[in-house]
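This report refers to the structure that appears directly beneath it.
From a predicted model like this one, the values you see are computed outputs, not experimental measurements. Letters A, B, ... mirror the listed sequences (proteins, then strands); counts begin at 1. Side-chain atoms are counted along with the backbone in the values below, which use heavy atoms only and exclude waters and symmetry mates.
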2 protein chains.
Amino acid sequence: MASDILDATFAALADPTRRAILARLAEGEATVMELAAPFAMSQPGVSKHLRVLERAGLISRGRDAQRRPCRLEATRLKTAMDWLADYRSYWEESYQRLDDLLGELEADKSGTGEREAL
Amino acid sequence: MASDILDATFAALADPTRRAILARLAEGEATVMELAAPFAMSQPGVSKHLRVLERAGLISRGRDAQRRPCRLEATRLKTAMDWLADYRSYWEESYQRLDDLLGELEADKSGTGEREAL
DNA sequence: CAGTTCTATAACTAGATGGTTTTATACGTG
DNA sequence: CACGTATAAAACCATCTAGTTATAGAACTG
């Protein structure tokens with residue numbers, strides 16, 4: 001299956017530095033130096049994070065003289081979200097249970113056993 | 001921020017065994033033995049995965065005699081999806097670019113420079 | 001060509017991860 | 001109480017990870 005893709009995608013997202021890099025790239029292309037600037041981290045450290053993101057397919061890189069501008073590639077984010085979306089009913093179910101509970105409390109308070117329409 | 005939560009959640013999801021466990025729990029509660037059955041893995045191995053899922057808040061555990069039934073807790077999945085949803089426009093943008101390109105090609109073919117309404 | 005800038009690679013370290021086997025704990029049953 | 005079952009904990013191992021520093025390569029600049 002696409003299990004390897006999900007492995008790499010979720011693993012890449014499991015690091016705050018890499019998520020911050022993606023957030024920065026959401027504003028547009030950036031070079032390695034630009035991406036490294038906000039972090040108290042060496043340039044090779046950032047380059048390693050970029051390699052992880054690239055291998056996960058979350059970014060791509062161009063060429064501009066010495067620079068290797070990075071660009072966000074969002075389709076793997078969609079793949080991850082599609083996986084999560086399969087569970088949407090389970091957290092909505094939690095809200096439903098809470099809603100049901102609140103409804104029961106309201107019914108008890110009114111003493112009629114009738115529930116108002118939502 | 002909730003950065004630690006996202007770290008733990010995405011890290012927990014970055015393993016196919018753990019994702020399979022969540023998929024199983026989507027069908028209802030299950031004991032450790034039941035969860036371990038499909039995998040060519042020792043029981044302590046599965047217990048370790050369950051500990052990772054529990055620390056990430058993705059499952060909770062009850063008590064039934066010797067058994068510790070596991071239950072899916074979906075709210076952290078929602079948290080992860082909410083993070084991903086912030087990027088939705090970027091993958092939709094890709095479709096938009098593709099759509100624009102196809103539109104241009106169609107316009108070129110017709111030779112009028114006018115685009116048909118979608 | 002010499003120097004500077006941008007990035008990648010190599011070599012290393014500390015700590016996390018994913019797995020194992022073995023052992024301990026807790027509970028139910030005869 | 002003794003035994004079986006369900007689970008956790010401990011100890012260990014191999015591998016991966018995230019970081020470092022130092023070095024090398026590639027491209028511009030004077």
- Can you find a heavy atom in the side chain of B:Thr17 that is under 4.5 Å from one in the side chain of B:Met41? yes
- Please tell me which of A:Ala65 and B:Arg68 maps to the more 5' nucleotide of DNA chain D, matching each residue to the nucleotide holding its nearest heavy atom. B:Arg68
- When the distance from CZ of B:Phe39 to P of C:dG19 is rounded to whole Å, what number comes out? 10 Å
- Side chain of B:Val52: nearest nucleotide among C:dT7, C:dG18, D:dA8? C:dG18
- Query: Rounded to the Å, how far apart are B:Met33 CE and D:dA6 P?
  - Reply: 5 Å
- Counting heavy atoms from C-beta on, name the nucleotide in D:dA18, D:dT21, C:dC6 closest to the side chain of A:His49. D:dA18
- Which one, C:dG18, D:dA27, D:dT7, comes nearest to the side chain of B:Asp15? C:dG18
- Is any side-chain nitrogen or oxygen of B:Arg61 closer than 4.0 Å to OP1 or OP2 of D:dT7? no
- Query: Can you tell me how far P of D:dT7 sits from CG of B:Asp64, to the nearest Å?
  - Reply: 9 Å
- Message: Please report the distance, rounded to the nearest Å, between CD1 in B:Ile21 and C1' in D:dT7.
- Response: 14 Å
- Could you state the atom-to-atom distance from CD of A:Gln66 to C1' of D:dC28 in whole Å? 5 Å
- Task: Pick base, sugar-phosphate or nothing for A:Arg63, based on heavy-atom distances below 4.0 Å to the nucleic acid.
- Result: nothing
- Given side chains that start at C-beta, do those of B:Val52 and B:Leu58 come closer than 4.5 Å, heavy atoms only? no
- Task: Establish, with yes or no, whether the OP1 or OP2 oxygen of D:dT7 is under 4.0 angstrom from a side-chain nitrogen or oxygen of B:Arg51.
- Result: no
- Salt-bridged, B:Asp82 to B:Lys78, with N to O below 4.0 Å? yes
- Query: Would you say the side-chain atoms of A:Arg71 and A:Ser60 include a donor-acceptor pair closer than 3.5 Å?
  - Reply: yes
- So which nucleotide from D:dA18, D:dT7, D:dT20 ends up closest to the side chain of B:Thr31? D:dT7
- From the options C:dA10, C:dT5, D:dA18, select the nucleotide whose nearest atom is closest to the side chain of A:Pro44. C:dA10
- Query: What's the closest nucleotide to the B:Arg55 side chain, out of D:dA10, D:dA22, C:dT17?
  - Reply: C:dT17
- Reckon A:Arg67 has a side-chain N or O less than 4.0 Å from the OP1 or OP2 of D:dA26? no
- Distance col, row B:Arg61:CZ vs B:Arg51:CZ, nearest 0.5 angstrom, shows 10.0 Å
- Note on the structure: Rounded to whole Å, CD of B:Glu54 lies from C1' of D:dA8 at a distance of 12 Å
- Task: When you get a sec, tell me which of C:dT20, D:dA27, D:dA6 is the closest nucleotide to the side chain of B:Ser42?
- Result: C:dT20
- Item | No-H, no-angle donor-acceptor pair, B:Gln43 side chain to D:dA6 base, under 3.5 Å | no
- With the side chain of B:Lys48 defined as its heavy atoms from C-beta on, choose the nearest nucleotide among C:dG18, C:dA8, D:dT7. C:dG18
- Query: Just how far, in rounded Å, is C1' of D:dT7 from CG of B:Leu50?
  - Reply: 10 Å
- Item | Per B:Ser47 side chain, nearest of listed nucleotides D:dA8, D:dC28, C:dT7 | D:dA8
- Item | Minimum heavy-atom distance B:Tyr90-A:Ala26, with the two atoms named | OH-O, 2.8 Å
